Amino acid sequence: MKKQVNTLWGAAFAEQPGASLIRFTSGRDVAPVPPADQALVPYDLWVNTAHTVMLAKTGIISPADATMLLRGLATLEEEVNAGKFTLDPQAEDVHTAIELWLTRQVGPEVAGKIHTARSRNDQVVTDMRLFLRDQVINLVCNGLMLLETLIELSDTHKSVPIPGFTHHQHAMVTTLGHVFAAMASMISRDLKRLETWYELHNVSPLGNAASFGTSFAIDRTMTAKLLGFDGPDNNSLDAITNRWEPEGDLIYAQSVLMNHCSVLAETLILFSMPEFGFITLADSFCTGSSMMPQKKNPDVAELIRGKTGRVYGNLVGLLTVLKALPLAYNKDMQEDKEGMLDTVYTLQGALQLFAPMVATMKVNRERMRQAVNQDFSNATDIADYLVTKGLPFRQAHEIIGKIVLYCIQNKRYLLDLSLEEYHQFSSLFDQNIFEVLQPEHVVNARNVYGGTASNQVAEAIVRAEDVKKEAALWYDSYTAKNK
Ligand code: ARG
């Protein structure tokens, strides 16, 4: 018996949708959004801990006070992990909430010392930087899984000819493998872009205090090390003003990644239309209609396309809110969080479904073969053929134009004509024209670096594999470092 799901459709579906599909496709229709600072709680605890350790090691607070503070923070961490710590809207923000909690736990005398030599201004930048860094690492992980799927598909289908389209019209023959290799090339750049984020922004803002540093003899290198940063950042004014660049760089990287996914999503939406019939998406990545029982809608692919706009919106929102502020802290900066978090949640949902959706689709090779046999996507190849026989390309182009018109008028395709018919247009044609026009020949003739030939696609796969290996090593080293 089929599993019962809470939907108004699904009787015609062989597989039922999973909870993650429903969550993603219903979007914000029914889902509440947690408070922005909720995401910063674990990072604020970590920053508090590192700061306390440093205050004790530098002699700014006593070991006894530090021990009480660290015990308090450890207890709070247990509460957080048990889901018992909720943010009180009256407590203003996560930093205030945690300090108030500590005050209740260890008393105002000791708790009041934790904020020595710092401000909420450097605290929030540091919390956010740690949060962003984890997102970069998660994205590299998801990007790697997607890249692996694309590499596999590219390899499997590197000799499967399909029509290539420009202007939504049949243009030249390509292969399904070449299409996936193109996507793999895009995702390879996404991985490198994310790694660059880390190189640029993995520095510690802690110790810049309100915007002007502190008179206490703190050790910024120590806290940077404790928090897994490569070192402290350079200038306290720059650091506190910089509430948008790491965020913006990451939302931009995510925008590009979403764009790449949306290109493939749109291609798959088209290819799954009955008029194409090239692919069939698995039931578990589609939804149905509450009215038309036969409908199977590619909702996941459509939402990846749609949510790309939402991610761009978040980027433009951030850039606009944070523009033209004077140096140092301004309250406008607090507005940097929601768009960032919305982008992160959007990407998490999209990437969780995208790679498996692509991996589980059914490829209908016969329909693809039919499409390349019944079109003129090999026309350029006859023109090229005549050029190799000495005709200028422009003349060859005109002759082939006439042949195509002849075919259309007689309801034939280029491979259906006889050599005698070809001779009516040019005496340069030989029997081997029929070999030249075969889709496999057309594809393999484009044996140029990056081209459609199956050996070129195989080389593109090797290049993508290299990026994958390098990104996997990067991922392993950074996850090990940030444990
Ligand atoms: N919640 C604040 C923010 O995100 C923390 C910093 C508050 N600083 C201040 N000077 N009011 O910006």
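Values below: every heavy atom of this structure, side chains too, minus hydrogens, waters and symmetry copies. Just so it is clear, the model here is predicted, and its values are computed rather than measured. In each ligand, atom 1 is the first atom listed, and ligand 1 is the first ligand listed.
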(message) Is it true that N242 and R129 share a donor-acceptor pair across their side chains at a distance under 3.5 Å?
(response) no

(message) Show, in sequence, the C-alpha distance, side-chain angles and deciding distance for L325 and M333, and conclude whether the side chain to side chain contact (heavy atoms under 4.5 Å, CB included) test is met.
(response) CA-CA 9 Å; L325 292 181; M333 291 170 166; 4.2 Å; yes

(message) The test is side chain to side chain contact (heavy atoms under 4.5 Å, CB included); show your working for V344 and Q348 and say whether it passes.
(response) CA-CA 6 Å; V344 163; Q348 276 169 359; 3.6 Å; yes

(request) Using atom types as modelled and distance alone, determine if a side-chain donor or acceptor of R365 lies under 3.5 Å from a backbone N or O of F278. (result) no

(request) Kindly tell me which protein residues have any non-hydrogen atom under 4.0 angstrom away from an atom of ligand 1, grouped by chain and ordered by number? (result) D93, H95, R120, N121, V124, R243, Y329, Q334, K337

(message) Does either side chain, that of N202 or that of Y478, offer a donor lying less than 3.5 Å from an acceptor on the other one?
(response) no

(request) Compute the ring centroids of F354 and F285, then answer whether they are less than 6.0 Å apart. (result) no

